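Just so it is clear, the structure is predicted and the values come from calculations on it, not from any experiment.
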Amino acid sequence: MSAAGLRVRPGRITALLGRNGVGKTTLFRVVIGRVRAEYGRVMFAGTFRPRPALARLSREGLMYSAQDSALTPHFTVRQHFDAFVRRYGGGERVDAIVEESSLGGLLDRGPRSLSGGERQRTSMALARLRAPSCLIADEPFAGVAPKDRPLIAKALRSLADEGCGVAVSGHDVDDLLALADEVVWMVAGTTHDLGAPEQAAQHHQFRRDYLGPRGASRGCRPG
């Protein structure tokens, strides 16, 4: 019987990789209670969750980001920050996070007027402000321009450096292998822990079936 599992550790970034349709988003949705698993269990903060629900998990420190799902079309970027400060505090960090995310020129614009990368940068900046204990980010690099990618990656790394456990999925292999501490490969609903990116890049079947001919050159972070 096939089985899928994902362990997210504090201060670590776990990349969940696999082809379209293998179940990556479904696994994330099981964790937050939007899909009911046929068997297995969800653990969060050391506690078994027989009926996980995002609202409750969110109150306990989990944040789920499905592309730009943290944003509402009715608020400007500035109003999003104001709302997060009212809910989670951290107002003294706003200026630094805005600067690090290069959002200063976007504060008075709404999400509909932003590019995909700008929306994603805003979502990750809000995650920084909220400082969750665990972030699940489903395809944060999807449809994002090259200039936005380093800023999104920097925000995810900063979250991990601050102690957040980060799970991230996607098909942007170079970005994800450069960012991740651990790699999980999903095939036909089954997950395989491949270890660090350097180890994953040397896994013969992963290279052959997923990375392709360039696989041998991937997986090493720039020095």
Side-chain angles (χ1 to χ4, degrees), residues 8-15 28 32 44-45 54-170 172 174-176 178-181 221-223:
V8 183
R9 308 170 194 269
R12 307 279 287 177
I13 298 176
T14 299
F28 282 170
I32 64 173
F44 181 70
L54 181 57
R56 180 171 181 177
L57 293 172
S58 179
R59 290 193 295 271
E60 297 180 25
L62 183 143
M63 183 172 179
Y64 176 66
S65 177
Q67 298 190 13
D68 56 3
S69 62
L71 307 182
T72 170
H74 306 295
F75 286 3
T76 64
V77 172
R78 189 189 307 276
Q79 288 170 330
H80 277 90
F81 276 100
D82 290 344
F84 268 58
V85 167
R86 287 195 298 272
R87 177 65 178 84
Y88 303 109
E92 70 283 355
R93 304 179 64 211
V94 170
D95 289 345
I97 291 173
V98 166
E99 182 177 356
E100 291 171 13
S101 305
S102 296
L103 295 174
L106 307 179
L107 290 174
D108 295 316
R109 293 170 56 183
R112 289 180 176 141
S113 71
L114 303 179
S115 69
E118 290 167 342
R119 290 195 300 271
Q120 192 58 254
R121 279 196 277 133
T122 303
S123 292
M124 292 301 101
L126 292 171
R128 291 280 318 282
L129 181 61
R130 177 178 170 180
S133 60
C134 180
L135 172 69
I136 297 177
D138 195 8
E139 300 199 24
F141 295 105
V144 169
K147 70 182 181 66
D148 295 309
R149 293 170 181 269
L151 292 169
I152 295 168
K154 182 180 179 181
L156 291 166
R157 175 49 59 189
S158 293
L159 280 161
D161 289 345
E162 292 162 4
C164 179
V166 178
V168 56
S169 70
D172 309 273
D174 293 327
D175 291 299
L176 292 170
L179 178 65
D181 298 302
R221 297 185 181 89

Closest contact, heavy atoms only, [X] versus [Y]:
X: Leu135; Y: Ser65; answer: CD1-CB, 4.3 Å
X: Arg121; Y: Ser101; answer: NH1-O, 2.8 Å
X: Val166; Y: Ala160; answer: CG2-N, 4.4 Å
X: Leu156; Y: Pro140; answer: CD1-CG, 4.3 Å
X: Ile13; Y: Val168; answer: CG2-CG1, 3.8 Å
X: Ala127; Y: Leu159; answer: O-CD2, 3.6 Å

- Is it true that Arg149 and Asp172 make a salt bridge, defined as a side-chain N closer than 4.0 Å to a carboxylate O?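 Salt bridge present between Arg149 and Asp172.
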
- Is Asp148 salt-bridged to Arg119, cutoff N-O under 4.0 Å? no

If I take atom [atom1] from residue [X] and atom [atom2] from residue [Y], how far apart are they, to the nearest 0.5 angstrom?
X: Tyr88; Y: Leu129; atom1: OH; atom2: CG; result: 10.0 Å
X: Leu71; Y: Arg112; atom1: CG; atom2: CZ; result: 12.0 Å
X: Ser169; Y: Phe28; atom1: OG; atom2: CZ; result: 4.5 Å
X: Arg128; Y: Glu100; atom1: CZ; atom2: CD; result: 5.0 Å
X: Glu92; Y: Ile97; atom1: CD; atom2: CD1; result: 9.0 Å
X: Leu107; Y: Phe81; atom1: CG; atom2: CZ; result: 7.0 Å

- Determine, stepwise, if the pair Asp181 / Arg157 fulfils salt bridge (Lys or Arg N to Asp or Glu O under 4.0 Å). CA-CA 10 Å; Asp181 298 302; Arg157 175 49 59 189; 3.3 Å; yes

- Sorted by chain and number, sequence neighbours left out, side-chain contact (heavy atoms from CB on, under 4.5 Å) with Ala131 holds for Arg93

Is a side-chain donor or acceptor of [X] paired with a backbone partner of [Y] at a separation under 3.5 angstrom?
X: Thr14; Y: Ala167; result: no
X: Arg78; Y: Asp108; result: no
X: Thr72; Y: Phe75; result: no

- Item | Glu99, CD atom: more than 12 neighbouring heavy atoms under 6.0 Å |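 No, CD of Glu99 has 12 or fewer neighbouring heavy atoms, counting only those of other groups under 6.0 Å.
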
- Message: Using side chain to side chain contact (heavy atoms under 4.5 Å, CB included), reason through Val77 and Leu114 one step at a time and then give a plain yes or no.
- Response: CA-CA 10 Å; Val77 172; Leu114 303 179; 3.9 Å; yes

Identify every side-chain donor-acceptor pair in residues 54-64 under 3.5 Å, counting partners at least two apart or on other chains, and give the distances.
unit_1	atom_1	unit_2	atom_2	d
Arg56	NE	Glu60	OE2	3.2
Ser58	OG	Arg130	NH1	3.4
Ser58	OG	Arg130	NH2	3.0
Glu60	OE1	Arg49	NH1	2.8
Glu60	OE1	Arg49	NH2	2.7
Glu60	OE2	Arg49	NH1	3.2

- Query: side chain to side chain contact (heavy atoms under 4.5 Å, CB included) between Val8 and Ile136: does it pass, once the steps are laid out?
  - Reply: CA-CA 9 Å; Val8 183; Ile136 297 177; 5.8 Å; no

